[in-house]
Protein chains: 2
Amino acid sequence: MLRLTKKADYGLMALKYLAEQSPAPVPASAKDIADAYHIPPQLLAKILQTLAKAGLLVSHAGTNGGYALARSAAEISAFEVIRAIDGPLFITSCITIHGTCDLAGHCTIKEPLRKVNDSIKDLLSAIRIADLAEAPDTEHYAASVGGGLISIAV
Amino acid sequence: MLRLTKKADYGLMALKYLAEQSPAPVPASAKDIADAYHIPPQLLAKILQTLAKAGLLVSHAGTNGGYALARSAAEISAFEVIRAIDGPLFITSCITIHGTCDLAGHCTIKEPLRKVNDSIKDLLSAIRIADLAEAPDTEHYAASVGGGLISIAV
DNA sequence: ACTATCTAAGACCGTTTCGGTCGGAATTCC
DNA sequence: GGAATTCCGACCGAAACGGTCTTAGATAGT
């Protein structure tokens, strides 16, 4: 449960790939990335398209075309990627886009879970693509985030 | 995305109901709870069964039977409930039960996301059924959790 | 201008999961 | 014995997910 889709996984992997390539003299094609990670090429192609449409990637059609990061890898959060691919983050069915609960009235579960929701969002927002790339071992990664601890309001 | 199932929602609501009833002179039947929250009775019945099988509830069959919390509401975490209903918590498809990634080798996304995974787990573990019950407004709830801040290792 | 390469976009499809229902058996109380 | 209630598995429709296919449009090199 609570698992993000394979598409989001692929998207993050693709962004990581692009982050490691930058600054890229030539953009990477969907096929390049798909080959590198053994991802179904056509599927990745669609993912990259939505990522481009979301403004996280810049695309270039035609020969020698491909994709490149729209911003620096340090300025793109995992949350943005996941949101762009999988849609808005709602941990519970109660929290809809309108903020209303279809079980309105008889659902007091909503408020506490909304906080969990926000916390997860903060958690994912703190992870940046730059953290994914070149993050081989645990200690170095934790240190790079800021002391290994982040505080989350509950 | 990243949303927990309606079953888990229902389960949490049911636990909250039971928490508010305790100490209960008589256990609450599945139908009682279903009526209170307008949940499909047969569906809730199955949810309560799995919750009982997981040891979170004690059940009593027969006339005037029903369910009651197996422990105090303060000793049951939202994480346990969700895990019992929706199964183990894996934010990414990479993290399987065996801890192995089917994209083994060419998937460096895994490690950072595992930490997010653990953090969410900690987050949900910190929420207890007692927090859901009698938690009408935000301020009181936040204060009751312990200063409104919890720290999570990244 | 032609062609190879590449993105853009949408239809389509098989499988799985989810939400929910049904029916029957076992248990307990009156 | 009968009513209430848990227990358990089978079943079903709808939606989501993962993936493919096809077609069209943009670009660079020759």
Side-chain angles (χ1 to χ4, degrees), chain A residues 1-11 13-14 18 24-35 37-68 70 82 85-88 90 92-94 102-103, chain B residues 1-11 13-14 18 24-35 37-68 70 82 85-88 90 92-94 102-103:
Chain A
M1 61 129 284
L2 218 57
R3 94 170 42 89
L4 49 88
T5 65
K6 237 168 196 173
K7 291 184 191 177
D9 267 2
Y10 292 159
M13 289 162 71
L18 291 173
V26 56
S29 77
K31 188 171 182 306
D32 290 342
I33 307 177
D35 285 350
Y37 293 122
H38 303 93
I39 300 174
Q42 315 214 57
L43 179 55
L44 182 63
K46 291 192 64 169
I47 295 171
L48 294 177
Q49 283 167 31
T50 69
L51 249 24
K53 203 154 39 179
L56 300 180
L57 293 180
V58 287
S59 62
H60 188 57
T63 311
N64 291 328
Y67 296 91
I82 294 171
I85 297 177
D86 283 351
F90 298 134
T92 170
S93 343
C94 275
D102 52 340
L103 304 170
Chain B
M1 60 128 287
L2 219 58
R3 94 170 39 89
L4 50 87
T5 64
K6 236 169 196 173
K7 290 185 190 176
D9 268 1
Y10 292 159
M13 289 162 71
L18 292 172
V26 57
S29 77
K31 187 172 182 308
D32 290 342
I33 307 177
D35 285 351
Y37 293 121
H38 303 91
I39 299 173
Q42 315 212 59
L43 179 55
L44 181 62
K46 290 190 64 169
I47 295 171
L48 294 177
Q49 284 165 29
T50 70
L51 249 23
K53 202 153 38 179
L56 300 180
L57 294 179
V58 286
S59 62
H60 188 58
T63 310
N64 291 331
Y67 296 91
I82 294 171
I85 297 176
D86 282 350
F90 297 134
T92 171
S93 342
C94 275
D102 51 341
L103 305 171

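Proteins come first, then strands; the chains are lettered A, B, ... in the order of their sequence lines, and each starts at number 1. None of these values were measured; they are calculated from a predicted model.
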Supply the atom-to-atom distance [X] [atom1] to [Y] [atom2], rounded to the nearest 0.5 angstrom.
| X | Y | atom1 | atom2 | answer |
| --- | --- | --- | --- | --- |
| B:Ser29 | B:Asp35 | OG | CG | 7.5 Å |
| A:Asp9 | A:Leu4 | CG | CG | 5.0 Å |
| A:Thr50 | A:Leu56 | OG1 | CG | 8.5 Å |

[X] [atom1] to [N] [atom2], straight-line distance once rounded to whole Å:
| X | N | atom1 | atom2 | value |
| --- | --- | --- | --- | --- |
| B:Gln49 | D:dA10 | CD | C1' | 14 Å |
| A:Asp9 | D:dG19 | CG | C1' | 15 Å |
| B:Ile33 | D:dA4 | CD1 | P | 18 Å |
| A:Ile47 | C:dG10 | CD1 | P | 17 Å |
| B:Leu43 | C:dC18 | CG | C1' | 10 Å |
| A:Leu44 | D:dG18 | CG | P | 14 Å |
| A:Asp86 | D:dA16 | CG | P | 13 Å |
| A:Lys7 | D:dG18 | NZ | P | 7 Å |

Checklist entry - Does a side-chain N or O from B:Tyr67 land closer than 4.0 Å to OP1 or OP2 of D:dT5, or not? => result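 B:Tyr67 to D:dT5 OP1/OP2: no side-chain N or O under 4.0 Å.
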Next on the checklist: Below the 4.0 Å mark, does C:dC29 have OP1 or OP2 next to a side-chain nitrogen or oxygen of B:His60?
Outcome noted: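 Answer is yes, contact under 4.0 Å.
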Base, sugar-phosphate alone, or nothing: which one does [X] contact when heavy atoms must sit under 4.0 Å apart?
| X | result |
| --- | --- |
| A:Ala45 | nothing |
| A:Lys31 | nothing |
| B:Gly62 | base |

Item to check | Pairwise 5' ranking along DNA chain C for A:Thr63 and A:Ser59, keeping only the more 5' one | outcome: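 On the 5' side of the pair lies A:Thr63.
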Item to check | Which residue lies more 5' along DNA chain D, comparing B:Gly65 with A:Ala61 via nearest heavy atoms | outcome: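 With B:Gly65 and A:Ala61 compared, the 5'-side residue is B:Gly65.
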Tell me which nucleotide among [options] gets nearest to the side chain of [X].
| X | options | answer |
| --- | --- | --- |
| B:Ala30 | D:dA10, D:dA28, D:dT6 | D:dT6 |
| B:Ala52 | C:dG19, D:dA28, D:dC7 | D:dC7 |
| A:Gln42 | C:dT7, C:dA11, D:dT22 | D:dT22 |
| A:Thr5 | C:dA11, D:dC17, C:dC6 | D:dC17 |
| B:Lys6 | C:dA11, C:dG19, D:dG29 | C:dG19 |

Checklist outcome for this item: Residue set satisfying side chain to side chain donor-acceptor pair (under 3.5 Å) with A:Lys53, at least two apart, ordered chain then number -> none
Item to check | Heavy-atom pair of closest approach, residues A:Tyr37 and A:Met13 | outcome: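 Distance-wise, the nearest heavy atoms are CE1-O, 3.4 Å.
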